[in-house]
Amino acid sequence: MKRALAFLLLATTVVAACGGNVAASPTPSATASATATAKPIQVGLVTDVGGLNDKSFNQAANTGRLNAEKDFGLKTSVIESKKQEDYVPNLTTFAQQNYDLVIAVGFLMQNAAWKVAKQFPNVKFAIIDGAPANDAGNTENLPNVANLFFKEQEAGYLVGVIAATMAKNMVGKATHNTVCSMGGIPIPPVDHYIAGYQDAIKTISPTTTILNGYSNDFVDQQKGKEVGLNHISKGCDILFQVAGGSGLGYIAAAKEKGVYAIGVDVDQIDVAPGTVITSAMKRVDKAVYDTSNAVKSGSFKAGDNFFSATNDGIAFGKLDPVVPADAKAAADKALADIKSGAIKPKTDLTVK
Amino acid sequence: MTIDQLIGAGVLAATLRLATPILLAALGGVVSERAGVVNIALEGCMLVGAFFGVVAADQSHSVVVALVAAMAVGAGLAAIHAVAAIHLRSDQIVSGMALNILALGLTSYLDYQFYGTTGTPSDLAGVPDIEIAPLAAVPFVGDVIAHQNAIVWAGLALVVLIQVFLFRTVPGLRLRAVGEHPRAAETVGIAVRQTRYWAVIASGMLAALGGAYLSLSVAHSFTDGMTGGRGFIGLAAMIFGRWTPVGALVASLIFGYGTALSFSLQGASIGDVRVPVQLLSTLPYVLTILAVAGFVGRSRPPAADGIPYETEGHA
Amino acid sequence: MIGARPERARTTGATAVGTERVPLLEMRGIRKRFGDLQALDGVDLVVNEGEIHALVGENGAGKTTLMNVLYGLYHPDSGTIRYRERDVRITGPRDAIALGIGMIHQHFMLVPPLTVAENVVLGDERGGPVLDDRAIEERVRGLEERFAIAVEPGARVEDIPLGLQQRVEILKVLYRGSELLIFDEPTAVLTPQEVDELFAIVRTLREEGKTLILITHKLREVMAVTDRITVLRGGRNAGELVTKQTTPAEIARAMVGREMKQLKARATPPRTEVILDVRGLEALSDRGSPALRGIDFEIRSGEILGIAGVGGNGQSELAQCLLGLRKVAAGTIRIGGIDISRDDPKRTRARGVAYVPEDRRIEGLVLAFTVADDFILGKQDRPPYAANGIVLDPAAILKAGGRLAVEYDVRPPNPRAIVANLSGGNQQKVVLGRELSERPKLIVVSQPTRGLDIAATEYVHERLLEQRGQGAAILLVSSELDEIRALSDRIAVMFEGRIVAVLDAASATEERLGLLMAGHTEAAA
Amino acid sequence: MASEPQATPTGPATAPSVRQPTAQWARGPAVPVASVVFALAIGAIFVLLSGHDPIAAYIDLFRGAFGSPYDITETLIQTIPLVLAGLAVAVAFRTGLFNIGAESQLLIGAVAAGAVGARFADLPGFVLFPMVLAAGIGAGAGWAAIAGYLKAARGVNEVITTIMQNYIVVFVMHWLLQNGPMTAPNALGTPASAPIGAGAVLPIIIPNELVPLTRLHAGIFLAIAAVVVFWFLLWRTPLGYELRAVGLGARAAAQAGIDPRTRIVIAMAIAGGFAGLAGMIQVTGVFHRVFDGFSSGYGFDAIAVALLGKNSPIGIALAALLFGAFARGGSIMQANAGVSAQLVSVIEAVVLFVIAAELIVRVLTARRRERKPLEAIA
């Protein structure tokens with residue numbers, strides 16, 4: 001017992017010693033008793049089962065929440081969902097406490113958000129990556145729900161342009177004219193990225209070999225890395241990951257073997273400098289930030305809100321110095337073309 | 001489906017990499033259960049090893065310090081289990097499950113506290129590969145083993161070491177006696193509880209090394225729950241391997257091979273039918289069940305495994 | 001060779017064989033309580049150097065507890081121990097071993113998967129951390145030669161018979177240079193020949209200068225081999241006797257505090273109806289080797305057939321085959337003319353077969369169950385315990401449990417008591433109550449009195465004879481030849497999976513049985 | 001006695017878990033309550049160190065779980081699958097088996113229920129619901145029986161089989177629901193099946209006028225019924241008696257005519273049936289369709305629930321309620337007090353450790369314990 005206590009104390013001391021590093025801890029908020037008069041705008045964020053540490057869109061959404069809290073003087077809170085059945089009660093929790101805006105992160109919550117939003121017509125809701133869906137599975141827009149959509153294929157297309165240009169011109173370590181991608185699991189939001197990526201490569205460099213794989217996991221890094229090593233052994237030298245935590249393993253494979261990787265969702269240039277050449281960014285943080293601001297300023301718009309290249313909701317991330325100017329120029333041009341509608345990236349995979 | 005996809009050097013090299021963390025957990029299980037303590041907290045020990053290895057590597061920029069720290073924390077978690085299982089004679093499964101939950105919660109919590117907004121540093125000191133230059137040029141063999149990570153070799157070395165320790169040394173003899181018939185061991189003056197403490201602590205260190213392999217050799221970062229149940233699979237490998245280090249190695253290799261196949265066969269077809277990638281992923285698990293049902297069958301644990309030892313005067 | 005201690009033992013031993021002796025060990029006023037049980041209540045024990053000292057008493061008298069105190073496995077609540085005229089404190093086996101005290105445990109303290117040599121040296125391996133199999137086997141072989149004890153040092157303990165396992169226990173103690181050897185019920189599992197061999201070893205040890213304490217309840221052995229006797233009863237001293245000046249009857253009186261009953265003579269001869277008829281029975285052991293190699297015998301109504309034999313010659317497998325617990329490879333087993341050799345235990349029992357298994361704690365009873373629950377084991381799906389075979393009737397189970405507990409003298413007669421908390425004798429009564437209460441045709445009984453005290457043993461025997469009187473056929477497997485000879489109408493001797501002889505009880509002398517059990521068929525015929 | 005090696009055919013890990021099944025609860029509530037308090041005190045250290053007020057956090061925790069009728073119903077919704085999965089683990093424990101596979105049994109029950117419920121969506125409730133119920137229970141039972149069969153026939157340790165089965169089902173579900181045979185054409189863009197027919201949906205049992213928004217569905221009656229069935233089966237039927245006999249003394253049972261091999265298969269099937277029912281209830285009561293990966297670890301929490309509840313019906317119900325309360329209250333604690341959700345896991349682990357490992361009792365009695373000698377009780 002003494003040993004057990006000693007260990008616990010050791011562990012807690014570690015927490016305490018490192019506590020200073022904590023960047024921003026969530027602010028304790030007022031309880032439900034606060035009345036509507038003169039209260040600050042309250043924003044509640046409900047993550048999906050990935051949790052705040054998913055190195056992906058939940059984390060990005062939380063970043064947007066914290067930025068909005070700082071910049072607009074809001075009161076915000078977050079609940080991490082541990083199970084899919086928690087979505088309804090977690091959304092309800094914020095709605096019952098008269099939050100002004102409740103944000104559901106992830107398409108998994110479409111049905112849950114529909115259920116809760118119908119019950120609380122005076123509370124505004126936003127769904128990242130989705131629209132309210134009734135029990136039959138059909139989209140049923142509600143006057144108090146904003147559907148925040150992203151065109152992942154556009155982000156995939158932009159980084160695909162950079163990859164294709166580098167592969168075609170054999171830039172740096174990209175010498176095999178082969179590029180790859182790896183998804184977590186084959187579901188639409190993942191495959192949209194990859195479809196856009198492949199579309200760009202087929203368009204710009206038809207001779208380039210394209211491979212695609214799945215780690216079948218959003219967490220396991222070793223599985224992601226093995227897929228990466230397998231791809232590299234087949235000549236891949238630019239690897240695009242769309243697999244959350246598992247994708248970090250895919251990047252690790254690229255780093256270990258000295259080839260290039262492309263990050264996803266958030267700017268992952270810092271994950272492995274020199275390896276990650278750019279990132280296909282889906283600005284979930286911006287969506288959360290903008291929507292919070294819209295509620296505060298009274299410009300909240302229910303129904304579909306598209307975050308795309310057009311409104312900088314989609315972008316490619318910072319570029320590594322190895323990326324040649326012509327590649328950047330090509331990507332910039334593609335961005336402009338997408339904005340203008342001249343290019344409409346595909347949403348179906350070319351290479352499965 | 002080609003020969004290369006089935007038994008190519010790449011597949012075999014991947015087999016070794018994928019088997020290593022499971023092997024280390026299984027070795028931990030072997031040591032602990034041979035001494036008579038069921039340690040289902042291997043998963044938790046791996047997880048804290050993975051996390052605190054990263055923290056220590058980040059703070060010290062030294063791989064050695066990182067590995068020592070990982071194993072120390074693994075030993076610490078195992079020591080809690082040892083106190084509960086040996087000293088307090090609590091239910092060993094309960095204690096192990098509680099520690100697994102604790103490890104998952106604690107590492108996720110601390111990960112978010114430490115690295116939530118920034119992510120694990122990219123310049124983390126990693127465990128290096130061991131390049132065997134003379135072999136590198138040898139076809140096939142070189143591709144399989146010339147560039148494996150130091151911990152892969154450590155795992156293989158530990159198989160030999162622990163096999164020799166258990167079956168060819170005096171302390172190993174005593175440890176097995178304690179796991180088979182603790183009272184007999186006590187009557188010849190062997191300190192049963194002390195032996196069990198060391199065994200459990202060693203098992204925590206081995207599992208933590210397996211966790212550190214994942215974070216410091218494979219991923220060079222930590223993600224929540226990154227061990228993904230490998231501690232439990234290690235437990236299965238231990239039983240599959242009949243509580244021997246060499247058996248655990250065989251079991252881990254079979255499992256690792258199944259996993260490697262599930263990647264190398266992606267995109268392969270049987271006739272005209274493309275095998276769904278998700279079903280390929282069941283390969284290692286199906287393979288393990290088939291192997292155990294087909295070739296291993298009944299296996300007998302150490303006779304006193306999981307049974308708290310009661311004696312007077314030492315409590 | 002073995003270390004320094006035996007030298008000293010030999011020099012002191014030279015004088016010790018005489019009559020004038022110094023106490024080697026003095027235990028005074030030893031008390032030990034376990035929960036509500038005062039196991040030892042101020043016991044004294046004085047053992048002289050160089051003697052063979054008998055420690056006798058019924059099961060539960062405190063003999064083993066006292067020796068465990070001496071060996072450091074239990075700490076006494078009070079009392080003193082003097083060894084070689086010095087007060088000593090023994091906190092664990094290590095201390096006892098260091099003092100030169102060794103114990104041959106009744107339940108062998110051997111690790112089955114290890115080899116003989118590994119078991120001998122375990123805890124005192126010598127020669128560095130590396131286990132040198134050849135060296136330790138050589139060392140053990142040297143020890144065996146010196147004390148004329150033969151066991152193959154490289155054999156696994158789980159592969160050798162109990163008689164040899166006991167020699168390993170003795171070797172363990174000798175290896176540590178013990179001067180005081182404690183034998184806890186050493187003959188319980190041995191054949192008469194093995195007992196003779198053991199006593200030869202025992203005498204050799206005394207001649208080598210060792211002092212021995214022999215824990216036993218078998219008076220013949222006490223008379224045969226010991227010098228002095230300490231009798232315990234109910235955790236207290238009940239007599240100090242010199243073997244040459246006493247009689248078995250006197251010892252027995254001291255042990256039980258009353259005169260012993262004589263077994264009732266077999267009043268009726270067996271009837272003519274054949275209940276069990278076994279022909280050409282063959283079966284494999286757990287390891288897949290032949291365990292039964294063509295067994296033929298029959299038992300009639302009202303007859304007890306004793307099976308004598310050294311443990312491991314197929315007796316257990318025979319009992320298991322009769323019950324349907326072991327696959328029959330060839331041959332037939334007929335109960336009242338119907339072949340049951342392919343039946344599982346459930347169907348076998350439905351034919352009227354009852355079973356009192358060898359190890360009541362593992363095979364006979366579910367220890368964690370209540371008395372009432374254990375009484376219905378195997379009958380749980382029948383009325384009155386289960387109405388329609390679907391729903392248990394707890395009231396009926398409890399009622400039956402209470403009735404059987406009284407009828408079979410289970411103490412306390414509480415059907416809700418947990419069986420694990422009962423004494424061995426009362427546990428066996430639960431088994432008997434379950435197995436005998438439904439008028440079985442055939443009762444397979446294996447080691448029915450092992451570990452029981454005299455009163456419980458008498459009880460078991462009476463119940464078996466009562467069943468015989470009611471016409472049951474009984475197959476009695478026992479390693480206690482006295483028991484077999486006292487109860488059986490005929491005695492079959494098993495050796496290496498065969499019945500080598502069937503004798504009438506009258507003509508089955510202990511010597512004849514012993515030779516047959518050892519495989520000397522022609523000599524005994 | 002513990003020190004006597006006894007080679008029984010049951011698994012190595014199981015024996016300790018079934019001894020003294022009700023020892024602790026039988027001592028009255030003092031010890032469990034003290035244990036919870038002690039565990040919360042340790043948890044408070046963590047909360048404090050993370051920069052929050054532990055008292056406020058615990059008030060939120062409690063209010064979140066039981067603060068209003070709505071909260072209570074939400075806690076109960078969390079409790080239902082834990083009770084059933086806990087029973088699945090406990091039935092196996094009682095038979096001397098360690099069922100780590102409740103997770104996959106639950107999932108496969110959900111898949112089967114969802115598949116039948118969607119395929120025959122047009123059938124009326126009185127036809128459809130029994131079909132869905134049978135599909136969920138049957139699939140879980142059949143799947144678990146594989147592990148039992150492999151143990152009985154081939155001696156394969158059930159721990160290996162059930163661990164491997166957990167993973168297999170996860171990937172099979174991925175396949176079925178991600179553009180696979182069960183994927184709904186209109187699946188909300190998510191890996192999910194088509195909705196089940198209205199006839200299979202478990203009704204909400206509390207009118208919205210009484211508790212607004214409540215989702216509490218009739219599955220709670222099924223869960224209560226399952227607890228009763230568990231008790232009745234184990235303690236009031238010959239089969240249950242046989243399972244317990246096999247769990248506590250397989251060889252004694254065998255010689256008495258109770259074949260442990262068949263009972264092992266039956267026990268696993270029953271265990272799988274309970275878990276399958278849990279999956280079926282989640283589909284028919286909560287989701288009304290099958291989502292890919294909807295269960296994150298009920299099967300593992302269930303091991304803790306079964307052990308915490310000492311494998312007894314009431315104990316399991318209470319333990320599941322405790323875990324359900326932590327799950328629900330933890331969300332509110334995070335929302336209001338800002339305490340990290342992971343800390344709830346830490347506190348949960350400490351509670352489990354302290355209560356189920358009987359920490360307090362054992363520390364108190366550690367010095368007084370003496371082993372009764374064999375002879376003394378023989």
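None of the values given here were measured: they were computed from a predicted structure. Chain A is the first sequence line, chain B the second, and so forth, proteins listed ahead of strands; every chain is numbered from 1.
- When each of Arg382(C), Lys346(C), Glu363(C) is checked for heavy-atom pairs under 4.5 Å with chain D, Glu363(C) comes out on top.
- Geometric assessment of Lys151(D) against the ring of Tyr149(D) yields a negative cation-pi assignment under the 6.0 Å and 45° thresholds.
- With a threshold of 4.5 angstrom between heavy atoms, Asp373(C) approaches chain D through its backbone and through its side chain.
- Of all the listed residues (Ala350(C), Ala386(C), Gly364(C)), the one sharing the greatest number of non-hydrogen pairs under 4.5 Å with chain D is Gly364(C).
- Under the 3.5 Å distance criterion, with hydrogens and angles disregarded, no donor-acceptor pair is assigned to the side chains of Asp343(C) and Thr348(C).
- In this structure, the ring of Phe375(C) has its center no less than 6.0 angstrom from the ring center of Phe369(C).
- Residue contact with chain D, scored on non-hydrogen atoms closer than 4.5 Å, involves the backbone and the side chain of Ile376(C) alike.
- By number of non-hydrogen pairs under 4.5 angstrom with chain D, the leading residue of Gly324(C), Gly378(C), Gly235(C), Ala456(C) is Gly378(C).
- For the residue pair Ser285(C) / Glu317(C), no side-chain donor-acceptor distance below 3.5 Å is found, with atom types taken as modelled.
- Across all their heavy atoms, Val305(D) and Ala319(D) have their closest contact at O-CB, 3.6 Å.
- Closest approach of Leu422(C) and Arg411(C) over heavy atoms only: CD2-O, 4.0 Å.
- Only the backbone of Ile390(C) comes within less than 4.5 Å of a heavy atom of chain D; no side-chain atom from C-beta onward does.
- Both the backbone and the side chain of Asp381(C) come within contact range of chain D, judged by heavy atoms closer than 4.5 Å.
- Residue contact with chain D, scored on non-hydrogen atoms closer than 4.5 Å, involves the backbone of Leu365(C) exclusively.
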